[in-house]
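Atoms considered below: every heavy atom in the structure, side chains included; atoms not considered: hydrogens, waters and symmetry mates. Atoms within a ligand are numbered from 1 in the order they appear, just like the ligands themselves. Starting from 1, each residue takes its place in the sequence as its number.
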Amino acid sequence: MKGVAILGSTGSIGDSTLDVIARHPDRYRVVALGARSSLEKFVAQCERFRPEYVALTDPTAAAQLRTILARRGVATEVLAGDSALADLAALPQVDIVMAAIVGAAGLPSTLAAARAGKRLLLANKESLVMAGSLLIEAVRQSGATLLPIDSEHNAIFQCLPPTVAAGPDGRPLGVRRILLTASGGPFVDLPSEQFESVTPAQACAHPNWIMGRKISVDSATLMNKGLEYIEACLLFGVAPEQIDVVVHRESIVHSMVEYVDGSVLAQLGSPDMRTPIAHALAWPDRISSGVQFLDLLKIGRLRFEAPDGVRFPALALAQAAARAGGLKPTILNAANEAAVAAFLEGRLNFARIATVIEAVMDNMPNGSIATLADVLAADAEARNRACEFIVGSGKVTSMPRSGAGYRA
Ligand code: NAD
Ligand code: MG
């Protein structure tokens, strides 16, 4: 019986994780849940899964939850504040941590799970993009097991398991390239002149996946693929030039690995995050996930196309950040989070998301990552600069600042 902590339990990945766990009460026990707020959903999760601990970063919501749970006789301890999530990730009775908080806010708890040597199921790609070398080093030092939840990286992991050794250059032996698939998002066919008037509701209406709002916007700009490009370099030790992005509208092939002998291995499945979640929970075993099995005859055909770099400039920005290394991915990620938040709040038009990111990247020098402080400083600076560019675009509002909840 494995103890599981789900950080970001009220989100889309959190829901899917609890769905898989509920199918296997003999294997998994929910020890801890964490999120920002969503009181009603949290109450329902606590009543159903009876975790020992829950943490809400919003103290008002935490106080309300305490009262409600006491009234309903649920003996769950409620923690509050930014550092509580990291505390849950390191609990001794937790074997598996699902890192499913969105954005840079997930970094402290993701790092805490890595440092505590847990099986770390990584959905929170932003923490890897912003602090890649630190997170990978923390995993190495503690002996934690890092398993990707992003469907593409989980597919690559299945086609390129850790048993494939690294060569003297650190690259996986025998691998020619990775084919990273992209659905193309909701605007795959939208003419560029219509990008200006795209609304948040349109951007969040993904054709194949039901996801949180931030990743949905990232999918619409193709920045999600850009973040995943950086993520793949860090997780699999491949060079940026070894990754090709392929638009595959059906989202059935979740990515592929090409070997030097000409073999191409692919992982296929319905577009449902419960497959990668079940895979990573049980790896190297296999467990059922509740996912609908593939009917290839019904699907009929699978298409593959090159991405359009003119209409989707965000992808090239991320590829440049991957090649530059150092703090460039941190800067890219922070500028993107600020720009996407502004778009979702109606302060920035969709077509300018990439413009803001490019301006921030061009205006900040690169640097190396030696400590967490380097990452946090670059993250904060990039958000400030993005804020200035967004203000410069004629619409003013204060931006959230990063950095809360981090431990030295
Ligand atoms: P979501 O918006 O549905 O859920 C986000 C969760 O994070 C919620 O529980 C929310 O309470 C919590 N959260 C947000 N801000 C927080 C903060 N400041 N402090 C503490 N908790 C906070 O997002 P999602 O779609 O579930 O995505 C979560 C992560 O998984 C993202 O990094 C995303 O890129 C990644 N991911 C998601 C999918 C998917 O299909 N949804 C696929 C691949 C990767
Ligand atoms: Mg993905």
- With a 4.0 Å heavy-atom cut-off (strictly under), which part of Leu85 contacts ligand 1: side chain, backbone, both or neither? side chain
- Message: So which atom in Ala266 and which in Cys159 form the shortest heavy-atom distance, rounded to 0.1 Å?
- Response: C-SG, 3.6 Å
- Message: Quick check: closest heavy atoms across Ile6 and Val4, and the distance to 0.1 Å?
- Response: CG1-CG1, 4.0 Å
- Task: Indicate the atoms forming the closest heavy-atom contact of Ala338 with Ala386, along with that distance.
- Result: CB-CB, 3.7 Å
- Answer with side chain, backbone, both or neither: which part of Ala105 has a heavy atom less than 4.0 angstrom from an atom of ligand 1? side chain
- Query: Which atoms of ligand 1 have any heavy atom of Gly11 under 4.0 Å away?
  - Reply: 1 (P), 3 (O), 4 (O), 8 (C), 9 (O), 26 (O)
- Note on the structure: If you scan protein heavy atoms around atom 38 (C) of ligand 1, the nearest is Ile13 CD1, 3.5 Å
- Message: Suppose we measure from atom 43 (C) of ligand 1 to each protein heavy atom; which comes out shortest, and what is that distance?
- Response: Asp150 OD1, 3.2 Å
- Query: Going by atom types alone, do Ser270 and Gln292 pair a side-chain donor with an acceptor below 3.5 Å?
  - Reply: no
- So, Arg286 side chain and His279 main chain: donor-acceptor pair closer than 3.5 Å or not? no
- Query: Which residue owns the protein heavy atom closest to atom 11 (O) of ligand 1, what's the atom, and how far is it?
  - Reply: Arg36 N, 3.1 Å
- Message: Just to confirm my output: which protein heavy-atom neighbour is closest to atom 2 (O) of ligand 1, and how far is it?
- Response: Gly212 CA, 3.7 Å
- Message: Taking only non-hydrogen atoms of Ala100, do any sit less than 4.0 angstrom from ligand 1?
- Response: yes
- Of all the heavy-atom pairs spanning Ala335 and Ala382, show the shortest one and how long it is. N-CB, 4.4 Å
- Nearest-neighbour protein heavy atom for atom 3 (O) of ligand 1, which is reported as residue plus atom name and distance: Ser12 N, 2.9 Å
- heavy-atom search around atom 35 (C) of ligand 1 in the protein gives Ala123 O, 3.0 Å
- State plainly whether the residues Arg385 and Glu388 are in salt-bridge range, i.e. N to O under 4.0 Å. no
- Query: Are side-chain heavy atoms of Asp15 and Gln45 found at a separation under 4.5 Å?
  - Reply: yes
- Side chain, backbone, both or neither: Met273 near ligand 1, heavy atoms under 4.0 Å: side chain
- Location of contacts on Ile215 toward ligand 1, heavy atoms closer than 4.0 Å: side chain
- Query: Going by chain and residue number, what protein N/O/S atoms come nearer than 2.8 Å to the Mg ion (ligand 2)?
  - Reply: Asp150 OD1, Glu152 OE1, Glu228 OE2
Please list, one pair per line, the donor and acceptor atoms closer than 3.5 Å that link side chains of residues 305-313 to other protein atoms, with sequence neighbours excluded.
residue : atom : partner : partner atom : Å
Glu305  : OE1  : Arg249  : NH2          : 3.3
Glu305  : OE2  : Arg249  : NE           : 2.7
Asp308  : OD1  : Val310  : N            : 2.9
Asp308  : OD1  : Arg311  : N            : 3.2
Asp308  : OD2  : Arg311  : NE           : 2.8
Arg311  : NH1  : Phe187  : O            : 3.3
Arg311  : NH1  : Val188  : O            : 3.2
Arg311  : NH1  : Leu190  : O            : 2.6
Arg311  : NH2  : Val188  : O            : 2.7

- Note on the structure: Under 4.0 Å between heavy atoms, the region of Glu126 that gets near ligand 1 turns out to be side chain
- dist Tyr229:OH -> Leu180:CG (nearest 0.5 Å) comes out at 9.0 Å
- Query: Nearest protein heavy-atom contact for atom 14 (C) of ligand 1: which residue, which atom, what distance?
  - Reply: Val102 CG1, 3.7 Å
- Item | Element-labelled atoms of ligand 1 that are located less than 4.0 Å from some non-hydrogen atom of Gly8 | 6 (C), 7 (O), 9 (O)
- Query: Is there a donor-acceptor pair under 3.5 Å between the side chain of Thr181 and the backbone N or O of His254?
  - Reply: yes
- Item | Pairwise side-chain contact, Cys46 with Val54, heavy-atom cut-off 4.5 Å (strictly under) | yes
- Specify the protein heavy atom at minimum distance from atom 8 (C) of ligand 1: its residue, its atom name, and the distance to 0.1 Å. Thr10 OG1, 3.5 Å
- Item | Per-atom contacts of ligand 1 with Thr57, taking only distances under 4.0 Å to non-hydrogen atoms | 19 (N), 20 (C)
- Task: Just do the side-chain contact (heavy atoms from CB on, under 4.5 Å) check on Tyr28 and Ile96 with the steps written out, would you?
- Result: CA-CA 9 Å; Tyr28 306 107; Ile96 302 173; 3.9 Å; yes
- Can you find a side-chain donor-acceptor pair between Asn208 and Ser183 that sits under 3.5 Å? no
- Looking only at heavy atoms, is any part of Ile101 under 4.0 Å from ligand 1, and if so is it the side chain, the backbone, or both, or is it neither? both
- Note: Ile252 and Pro271 closest approach over all heavy atoms is CD1-CD, 4.1 Å
